[in-house]
Amino acid sequence: MKVIKRDGTSVDYDRSKIVIAIEKANAEVPQADRLSRTDIDAIIDGIEAQKRPRILVEDIQDLVEQGLVERNKFHLAKTYIIYRYNRALVRKANTTDESILALLRNENKELAEENSNKNTMIAATQRDYIAGEVSRDLTRRILLPEHISKAHDEGAIHFHDADYFVQPIFNCCLINIGDMLENGTVMNGKLIESPKTFQVACTITTQIIACVASNQYGGQSVDLRHLGKYLRRSREKFKAHISYECAGKVDETTMDRLVMDQLRCELKNGVQTLQYQINTLMTTNGQSPFVTLFLNLQEGDPYIEENAMIIEEVLRQRLEGIKNEAGVYITPAFPKLVYVLDEHNCLKGGKYDYLTELAVKCSAKRMYPDYISAKKMRENYQGNVFSPMGCRSFLAPWQDENGNYKFEGRFNQGVVSLNLHQIGILAHGD
């Protein structure tokens, strides 16, 4: 039998600990009110007879109290309850010391393995985790109803992100990157105007990503189709410059080639900026931003050709990988990629099948991207195709007072998982 402690950890059942607790209460009452060792063993035998695979430490104490009352040991039961209450007060006074010290000693393996984008050896990460331990403690003892904390401890549910719950911040979000780039945005009290080129748009996007990651918990998603407009702006800028510099000197075909050469260089550098920045930025909570890039070509999009070029470059760079400190190409954890399969790229003779072929090669080597069916999304979401929060979490489309759908600029407030298997076990008591 496993005993679930108050901090949620699991330890092996130890009969002797119950004996010690009862005998400590025994020592506080007159001889006539004490419980014999035979009766102590009988109470513990009753607990063990339930043959639970997992039991909360509070449930053990409740059963002990029940056993004392059944044997008319009311004075002893009161003493045991007071002892239990005093122990609870000690725990409530400060329940985070050991977890924080274990973190600083790098002995908390659960935290060390919790997130692939957090390194617990870095000072900023440790500060975030120390704050998280305090938040988790306050959440468990004060903020959550007792029955919710108990359900979490029993494994019936998992209350996610308790390490941030004490603060009024939110979970995963869909960034409204299109509005921020088109109309400008404000960061650190400074106005960032709409970019004039693709590479500047990529740089601003990464700064927005870093700012969002530092002020929320969870992941964020960015729909790359908003960048197509800025790739076209770069094309128009290069064409105007080359036309001015080379007027009458080269033919139209040569001019187009020169423009495309510069555009491809701009495209490669911009996508590389996204990749390098996301993988090297360190947010204020000591982690790389958890980012998902949504790769979707929408029919009727006036920038669909530019967006096809962007998706191709993203996939090519992900297929190549990124160098580690030894100069060896590896698969970066971020950004996550989600690729949308539609009629024009589902390998049935569509115009953009070449992108899907490249995506499949990338998946075979790098395990990215994930795939979404536009057909199924339209069936499930009123004909709409939109980015998930993170890799797979979707929120149904939201409509404003005028009936217009809003897909971006939204967030999750929090997450709770249900463990149906454990709920069934607890319901049957075995």
Side-chain angles (χ1 to χ4, degrees), residues 117 124 173-216 219-241 259-296 301 303 305-323 332-338 368-369 387 408-409:
N117 61 334
C173 73
L174 295 169
I175 302 178
N176 195 352
I177 201 76
D179 177 69
M180 291 178 171
L181 292 176
E182 177 66 21
N183 299 311
T185 189
V186 174
M187 287 185 283
N188 195 28
K190 309 300 186 297
L191 175 64
I192 310 298
E193 296 181 334
S194 181
K196 305 298 188 292
T197 64
F198 177 73
Q199 181 144 13
V200 173
C202 290
T203 300
I204 293 174
T205 298
T206 60
Q207 294 305 309
I208 292 171
I209 287 170
C211 189
V212 169
S214 292
N215 290 279
Q216 68 160 40
Q220 54 183 293
S221 295
V222 176
D223 191 337
L224 283 191
R225 67 184 174 86
H226 296 299
L227 293 178
K229 176 187 297 185
Y230 304 98
L231 189 61
R232 183 172 296 183
R233 287 185 181 179
S234 288
R235 182 200 295 265
E236 292 168 349
K237 175 184 175 181
F238 295 145
K239 186 173 183 178
H241 178 73
V259 170
M260 284 304 298
D261 285 346
Q262 287 203 26
L263 189 66
R264 290 192 183 94
C265 182
E266 171 99 344
L267 174 62
K268 181 178 180 180
N269 291 339
V271 171
Q272 193 172 66
T273 295
L274 284 172
Q275 177 162 270
Y276 280 170
Q277 289 276 62
I278 290 171
N279 279 281
T280 58
L281 281 170
M282 187 67 69
T283 66
T284 55
N285 55 11
Q287 66 182 43
S288 300
F290 193 120
V291 184
T292 296
L293 301 182
F294 191 56
L295 311 179
N296 180 31
D301 182 353
Y303 303 102
E305 293 304 322
E306 285 85 0
N307 285 323
M309 294 174 64
I310 294 171
I311 291 174
E312 181 178 13
E313 185 61 31
V314 168
L315 292 172
R316 287 190 185 282
Q317 292 197 23
R318 180 53 60 91
L319 179 62
E320 182 181 42
I322 191 169
K323 289 182 179 179
F334 300 100
K336 307 291 186 184
L337 304 178
V338 173
Y368 295 101
S387 174
E408 297 170 302

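One-based numbering along the sequence shown. Computed from a predicted structure; not experimentally measured.
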Practice item. Enter the distance from Lys196:NZ to Tyr230:OH here, rounded to the nearest 0.5 Å. Key: 9.5 Å
Revision key, fill the gap. All heavy atoms of Gln220 vs all of Ile209, minimum pair found to be NE2-O, 3.1 Å
Check your understanding: With side chains defined as the heavy atoms from C-beta onward, is the minimum distance between Phe238 and Leu263 less than 4.5 Å?
Key -> yes
Review point. Do the side chains of Cys202 and Gln272 get nearer than 4.5 Å, heavy atoms only?
Key: no
**Study point:** Closest non-hydrogen atom pair between Asn307 and Leu224, with its separation
**Key:** OD1-O, 3.6 Å
Check your understanding: Quick one: CG on Asn269 to CZ on Phe198, what's the gap to the nearest 0.5 Å?
Key -> 10.0 Å
Review point. Can you list the residues that meet the side-chain hydrogen bond (donor to acceptor under 3.5 Å, both in side chains) rule with Arg264, with sequence neighbours excluded?
Key: none
Check your understanding: Would Glu313 and Met309 count as a side-chain contact (heavy atoms from CB on, under 4.5 Å) if you check the C-alpha gap in whole Å, the side-chain angles of each, and the deciding distance to 0.1 Å?
Key -> CA-CA 6 Å; Glu313 185 61 31; Met309 294 174 64; over 6 Å; no
Practice item. Ignoring hydrogens and angles, tell me if any N or O in the side chain of Ser387 forms a donor-acceptor pair with the backbone of Phe294 under 3.5 Å. Key: no
**Study point:** Working for side-chain contact (heavy atoms from CB on, under 4.5 Å), residues Met260 and Arg235
**Key:** CA-CA 8 Å; Met260 284 304 298; Arg235 182 200 295 265; 3.5 Å; yes
Review point. Any donor and acceptor pair, going by atom type alone, linking the side chain of Lys268 with main-chain N or O of Glu266 inside 3.5 Å?
Key: no
**Study point:** Residues, nucleotides or ligands: over 12 heavy atoms within 6.0 Å of Glu305 CD
**Key:** yes
Check your understanding: Nearest 0.5 Å, what's the CD1-CG distance between Ile208 and Asn176?
Key -> 9.5 Å
**Study point:** Pairwise side-chain contact, Leu315 with Pro369, heavy-atom cut-off 4.5 Å (strictly under)
**Key:** yes
Practice item. Mind listing the closest non-hydrogen atom pair of Tyr368 and Leu337 along with its distance? Key: CD2-N, 4.1 Å
Practice item. Using only heavy-atom distances, determine whether the side chains of Glu408 and His226 contain a donor-acceptor pair under 3.5 Å. Key: yes
Review point. Checking side chain to side chain contact (heavy atoms under 4.5 Å, CB included) against Leu227, which of Leu274, Ile177, Leu293 comes through?
Key: Leu274
**Study point:** Validation row: Lys237, His241 side chains within 4.5 angstrom (heavy atoms)
**Key:** no
Point to revise | Residue list, side-chain hydrogen bond (donor to acceptor under 3.5 Å, both in side chains) with Asn279, at least two apart or on another chain | key: none
Check your understanding: Glu236 and Arg232: salt bridge (Lys or Arg N to Asp or Glu O under 4.0 Å), yes or no, with the steps?
Key -> CA-CA 6 Å; Glu236 292 168 349; Arg232 183 172 296 183; 5.2 Å; no
Check your understanding: Between atom CG of Leu267 and atom CD of Glu306, what is the distance when rounded to the nearest 0.5 Å?
Key -> 10.5 Å
Review point. Checking Ser194 side chain against Leu181 main chain: does a donor-acceptor pair fall under 3.5 Å?
Key: yes
Review point. Which heavy atom in Met187 sits nearest to a heavy atom in Cys211, and how many Å separate them?
Key: SD-CB, 4.3 Å
Check your understanding: What heavy-atom pair brings Lys239 and Val259 nearest, and what distance separates the two atoms?
Key -> CA-CG2, 3.7 Å
Review point. Which heavy atom of Pro289 sits nearest a heavy atom of Ile278, and at what distance?
Key: CD-O, 3.6 Å
Point to revise | All pairs passing salt bridge (charged side-chain N to carboxylate O under 4.0 Å, His left out) where residues 219-229 contributes a residue, at least two apart | key: Glu182-Lys229, Asp223-Arg225
